[in-house]
Number of protein chains: 2
Amino acid sequence: MDENKQKRLKAAGWKVGSASEFLGLTPEEAEYVELKLALGSYLRDVRLNRRWTQAQLAERLGSSQSRVAKMESADSSVSLDLLVKALLAAGASTKDVGRVIAAV
Amino acid sequence: MDENKQKRLKAAGWKVGSASEFLGLTPEEAEYVELKLALGSYLRDVRLNRRWTQAQLAERLGSSQSRVAKMESADSSVSLDLLVKALLAAGASTKDVGRVIAAV
DNA sequence: CTATTGTATGTCGCATCTGACATATTGCCA
DNA sequence: TGGCAATATGTCAGATGCGACATACAATAG
């Protein structure tokens, strides 16, 4: 199986190999997942450019290392709200965020 | 008081006239509120262009008229997740959404 | 005026998301 | 190899968001 496909299904909260592997993902749902993945990996970029660890970023956000890890991987337990708030708090601008989203 | 300021504070979940009127809104929080307001009013634009009522849009979203009203006014009980999902379901593209966000 | 249609506001029970914590895994250096 | 720092994964109780409903307000037609 394609590695990207695995990441996407995982982000959507599905088990790779489950029966609903290719089912039930409407185009809008798929776009939503792509969007979260893009923002998550952009958050990682921002963090790495600042040379912060996940724990350091977490402290600035008032969150925890484990949640930052989940944000970056666009875990299904992470909301767009949290991702966007984290990006803004990490120093990204709305312009940056918008560009990332528009590029999905 | 400036009308826009009122809308923004209201969206942030504050009572206009409360003691914390000009307090506690960090730049990132303000940006986040602006973002929701922009998406909410864009959702209204999309809906009106399609000549739908809030109730009709709600039906397509599997939601309720009252929640659509809250989305459009960027009520504090509405998440970015819901706004973005609603926009995508209403036919907006990620490119559109990204542009709106970048323009905040 | 008074229906009717559309929109706004307030509340509630249930569902999902949150930070925190424990623990597993990875990567790197001596 | 062992040890340490960084990251990933799983779980939980409390916080927040959700659709639904009731009801209030606004605008327009008859």
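Residue numbering restarts at 1 for every chain, and letters A, B, ... go by the order of the sequence lines.
- Put simply, CG on A:L48 is 11 Å from C1' on D:dT7, counting in whole angstrom units.
- Looking at A:D75 and A:S77, their side chains do bring a donor and an acceptor atom within 3.5 Å of each other.
- Side-chain contact between A:T26 and A:E29: present, with at least one pair of heavy atoms (C-beta onward) separated by less than 4.5 Å.
- Scored by the side chain to side chain donor-acceptor pair (under 3.5 Å) test, A:S93 finds A:D96 as partners (sequence neighbours excluded).
- Residues A:Y32 and B:D81 are in side-chain contact: their nearest non-hydrogen atoms beyond the backbone lie under 4.5 Å apart.
- Across all strands shown, A:S64 has heavy atoms under 4.0 Å from base atoms, whether or not it also approaches the sugar-phosphate.
- In this structure, the helix from C:dC1-D:dG30 to C:dA30-D:dT1 shows an angle of 30° between the axis at its start and the axis at its end, each fitted on 5 base pairs and rounded to 10°.
- When the P atom of C:dG10 is taken as reference, atom CG of B:D75 falls 9 Å away, rounded to whole Å.
- Put simply, CG on A:L61 is 16 Å from C1' on C:dC17, counting in whole angstrom units.
- The residue A:S77 sits close to a base: some heavy atom pair falls under 4.0 Å.
- Contact check for B:Q54 versus B:S66: no side-chain heavy atoms found under the 4.5 Å cut-off.
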For this session: Apply side-chain contact (heavy atoms from CB on, under 4.5 Å) to A:W52 and A:V46, showing your working.
Result: CA-CA 9 Å; A:W52 291 337; A:V46 170; 5.8 Å; no

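- Proximity of A:E31 to A:V104: side-chain heavy atoms (C-beta onward) are nowhere separated by under 4.5 Å.
- Annotation: side-chain contact (heavy atoms from CB on, under 4.5 Å) contacts of A:V100 (sequence neighbours excluded): A:A38, A:L39, A:Y42.
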Contact list (N/O, under 3.5 angstrom) for nucleotides 8-15 of chain D vs protein:
unit_1 : atom_1 : unit_2 : atom_2 : d
D:dA8  : OP1    : A:R44  : NH2    : 3.0
D:dA8  : OP2    : A:R44  : NH2    : 3.1
D:dA8  : OP2    : A:Q54  : NE2    : 2.6
D:dA8  : N7     : A:Q65  : NE2    : 2.8
D:dA8  : N6     : A:Q65  : OE1    : 3.0
D:dT9  : OP1    : A:K10  : NZ     : 3.2
D:dG10 : N7     : A:K70  : NZ     : 3.2
D:dG10 : O6     : A:K70  : NZ     : 3.2
D:dT11 : O4     : A:K70  : NZ     : 3.0

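- Residue A:M71 contributes atom CE, which lies 14 Å from atom C1' of D:dT7 at whole-angstrom precision.
- Between the side chains of B:Q56 and B:Q65, not a single donor N or O lies within less than 3.5 Å of an accepting N or O.
- Residues from residues 79-91 of chain A placing a heavy atom under 4.0 Å of any atom in DNA chain C, listed by number, are A:S79, A:L82.
- Under the side chain to side chain donor-acceptor pair (under 3.5 Å) criterion, A:E34 pairs with A:R8, sequence neighbours left out.
- B:L82 is not listed as a side-chain neighbour of B:L61, based on a closest heavy-atom distance of 4.5 Å or more.
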